[in-house]
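Have a look at the structure below, then the notes.
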Amino acid sequence: MEFTQDQTPNGIVIVLRGSFTFKDHHGFRAVLDALTAAGGGRRVLDLAQVDFLDSAALGMLLIAEDETTRALGSLILRNPSGPITRLFELSAMDTLFRIERTDESRAA
Amino acid sequence: MWNRAATRVVVPEPAPYSTPAADPNPSGAAEGLLIRWLELSELERRAFIAMARELTASSAIVERSAIDLSQRFQTLAESAKAQVTRVEAVIASAQSIHVGNEDLTLNEATGFIEEVLVKVIDTVLNVSKNAMRMVYSLDDVTVEVEAASQCVAQLQTINQQIRFLAINTAIEAARADRNGSTFNVIAREIRALAAETDDTVKTVSGRIAAIRDSVSRSHATLREIATVDMSSHIIAKERLDALLAGMVAQNADFTTILSAAAGASADLSTTIAPLIMGLQFQDRTAQLVAHVIEALGTLGEAGEALRQATHDAMPGTFAPGAVDQAWLARLVEKQTLGDVRKRFLEHLINDPPPDEAAIPAETHDTGGGDIDLF
């Protein structure tokens with residue numbers, strides 16, 4: 001998995017790409033640091049280009065949610081693809097996370 | 001016993017009743033006509049008796065058939081009602097599942113399965129989350145172990161320098177000769193200290209390696225715990241959802257079909273009730289037939305009384321039991337039911353007493369009778 005980080009007027013946006021699995025936990029630690037270092041406010045994880053998640057990745061997303069809340073921020077998952085959306089529905093994570101869909105995603 | 005079933009009866013044409021007006025002997029012609037009237041009257045009397053008995057027998061057949069039909073319809077109606085009850089029981093049974101001490105509807109059962117599946121997946125995710133937290137903790141431990149390992153390496157470097165110091169001290173002691181004995185003692189002590197420190201560093205290095213190994217194994221174990229490919233769960237969940245939806249839909253179809261079957265049975269029961277009521281017409285028919293039989297009997301008695309009076313007034317004019325054979329033949333020729341024709345002939349020819357002329361019950365089948373011709 002690769003990720004890039006962008007600071008926007010509306011908060012941090014981190015874009016993830018590729019398959020997100022256990023072996024990415026070292027790299028995701030940097031994402032966690034970025035999410036918690038920014039203090040309060042809005043953080044976005046853009047999942048539009050993520051095509052696979054295993055349960056370890058879901059666990060890491062849950063940790064990200066915990067850590068962001070602890071840092072008084074709010075985590076938003078943006079534009080998950082069809083399979084990822086079904087995975088969220090299956091695991092009832094769609095009720096735990098704030099999931100955001102942009103106009104580009106709806107058009108796609 | 002009548003046993004002339006095979007007797008072929010030749011049907012003659014009845015003699016004409018018109019008597020020419022120019023008959024030279026009018027009283028003789030009138031006497032001939034009177035004889036024929038009397039023979040016709042006797043034939044009618046016997047025919048009335050035969051017809052009354054046939055009507056009585058027919059009425060009995062109708063009554064038996066009506067009672068039998070009524071009972072069969074009654075049985076059919078009761079079966080239809082029982083069928084309604086059974087189908088309603090099947091519908092009630094199909095709509096619930098008995099689990100332990102409670103009855104669950106199919107929707108409740110499918111909801112329960114769904115709930116269990118979500119809980120299982122929730123548990124998997126919680127395990128994954130906690131496992132990943134432990135992985136991150138172990139990563140921190142690994143960093144600390146690496147730092148400790150660096151410290152040990154520094155200790156080994158220092159110890160190496162101490163050993164060099166012991167060697168230098170020993171060299172200086174040799175150079176000072178007798179005055180250097182004190183340095184020799186110091187050099188030995190430093191060497192012993194370096195050896196002891198070296199042993200300790202090796203022990204610590206071994207333990208750090210064991211910790212690193214243990215952390216590595218724990219990391220691998222946590223990876224196995226935390227990592228589950230959820231794709232198969234998604235497919236299983238989708239199939240389960242489809243399966244449960246199919247079960248609910250199929251159950252709804254069954255209920256609809258069974259409801260229709262229950263309705264059809266109820267309609268059948270409702271339809272049969274007026275049929276049973278309608279069969280009561282048999283009582284009315286029996287009354288009508290009884291009236292006809294009564295009228296035939298009265299006519300027969302009247303004919304017999306008139307014939308007897310005529311015989312008394314004109315004794316020897318005609319034979320008492322004579323009947324007009326031609327009209328007798330014509331009377332039976334149109335009767336195609338063999339049994340009926342036999343009985344008619346028996347009555348019309350032999351004029352048996354009532355007890356000998358009883359119609360056997362078994363001859364009154366309702367299958368249309370055996371039909372034959374003269």
Side-chain angles (χ1 to χ4, degrees), chain A residues 1 3 14 16 18-37 45 47 50-71 75 77 80-99, chain B residues 110-147 212 215-245:
Chain A
M1 181 191 72
F3 75 94
I14 299 172
L16 308 182
S19 295
F20 182 14
T21 63
F22 178 87
K23 68 181 182 184
D24 298 307
H25 73 276
H26 284 301
F28 194 72
R29 186 145 205 175
V31 174
L32 288 175
D33 290 342
L35 291 174
T36 54
L45 279 181
L47 303 178
V50 173
D51 52 27
F52 181 78
L53 292 178
D54 65 5
S55 62
L58 291 172
M60 285 185 267
L61 288 177
L62 288 170
I63 291 172
E65 168 71 13
D66 287 351
E67 296 300 316
T68 307
T69 303
R70 192 174 297 158
L75 182 65
L77 304 183
S81 62
I84 306 301
T85 299
R86 282 206 295 280
L87 183 59
F88 286 163
E89 290 169 353
L90 168 70
S91 56
M93 285 180 69
D94 55 339
T95 62
L96 295 176
F97 287 101
R98 287 180 61 193
I99 296 175
Chain B
T110 55
F112 177 73
I113 293 170
E114 180 101 13
E115 191 181 325
V116 169
L117 186 65
V118 168
K119 281 182 180 173
V120 168
I121 291 171
D122 188 53
T123 302
V124 168
L125 291 182
N126 268 320
V127 168
S128 294
K129 175 182 162 184
N130 291 325
M132 290 313 298
R133 279 201 179 281
M134 291 182 70
V135 165
Y136 282 129
S137 296
L138 286 178
D139 284 348
D140 292 342
V141 170
T142 302
V143 169
E144 296 301 322
V145 167
E146 289 304 319
R212 189 186 288 121
V215 167
S216 178
R217 283 200 304 273
S218 299
H219 206 277
T221 303
L222 286 172
R223 177 176 186 155
E224 287 182 12
I225 292 172
T227 306
V228 175
D229 182 355
M230 304 292 281
S231 304
S232 59
H233 290 74
I234 294 175
I235 294 170
K237 172 71 164 46
E238 288 175 348
R239 285 182 65 83
L240 188 61
D241 285 346
L243 178 68
L244 295 177

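Everything quoted here is computed from the prediction, not taken from an experiment. Throughout, protein chains are lettered first and strands after them, A, B, ... in sequence-line order, and every chain is numbered starting at 1.
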Measuring from atom [atom1] of [X] to atom [atom2] of [Y], what distance do you get when rounded to the nearest 0.5 angstrom?
X	Y	atom1	atom2	result
A/L90	B/I121	CG	CD1	3.5 Å
B/S128	A/L62	OG	CG	8.5 Å
A/S55	B/I225	OG	CD1	11.0 Å
B/M132	A/F22	CE	CZ	5.0 Å

Next item on the list: Count the heavy-atom pairs under 4.5 Å between each of A/L32, A/T21, A/L58, A/D66 and chain B, then report the option with the highest count.
Entry: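 Top option by heavy-atom pairs under 4.5 Å: A/D66.
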Item checked: Heavy-atom pairs under 4.5 Å with chain B, option from A/S91, A/P83, A/A92 with the top count ->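 Heavy-atom pair counts peak at A/S91.
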Next item on the list: Under 4.5 Å heavy-atom distance to chain B, tell me which part of A/F28 shows up: side chain, backbone, both or neither.
Entry: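 Contact with chain B is through both the backbone and side chain of A/F28.
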Next item on the list: Name the region of A/L61, side chain, backbone, both or neither, that has any atom closer than 4.5 Å to a heavy atom of chain B.
Entry: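 A/L61 has no heavy atom closer than 4.5 Å to chain B.
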Item checked: Exceeds 12 heavy-atom contacts within 6.0 angstrom, atom CE of B/M134 ->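 For B/M134, atom CE is not crowded (no more than 12 foreign heavy atoms under 6.0 Å).
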Next item on the list: With the side chain counted from C-beta on, respond yes when A/R86 and B/E238 share a heavy-atom pair under 4.5 Å apart, and no when they do not.
Entry: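 When only atoms from C-beta onward are counted, B/E238 and A/R86 do touch, with a gap below 4.5 Å.
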Next item on the list: Would you check if A/M60 and B/R133 make a side-chain contact, meaning some heavy-atom pair closer than 4.5 Å?
Entry: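 A/M60 vs B/R133: side chains apart.
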Note to self: Keeping B/Y136 on the side-chain end and A/H26 on the backbone end, is there a donor-acceptor pair under 3.5 Å?
What the structure shows: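 Between the backbone of A/H26 and the side chain of B/Y136 there is no qualifying donor-acceptor contact (under 3.5 Å).
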Check: Would you find a donor on one side and an acceptor on the other, under 3.5 Å apart, between the side chain of B/T227 and the backbone of A/A56?
Finding: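 A pair under 3.5 Å: no.
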Check: Salt bridge or not for B/D140 and A/R29, using N-O below 4.0 Å?
Finding: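 Here B/D140 pairs with A/R29 in a salt bridge, since their nearest N and O are under 4.0 Å apart.
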Next item on the list: Would you name the heavy atoms of A/I63 and B/K129 that are closest together and state the gap between them?
Entry: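 Looking at all heavy atoms of both residues, the shortest contact is CD1-O, 3.5 Å.
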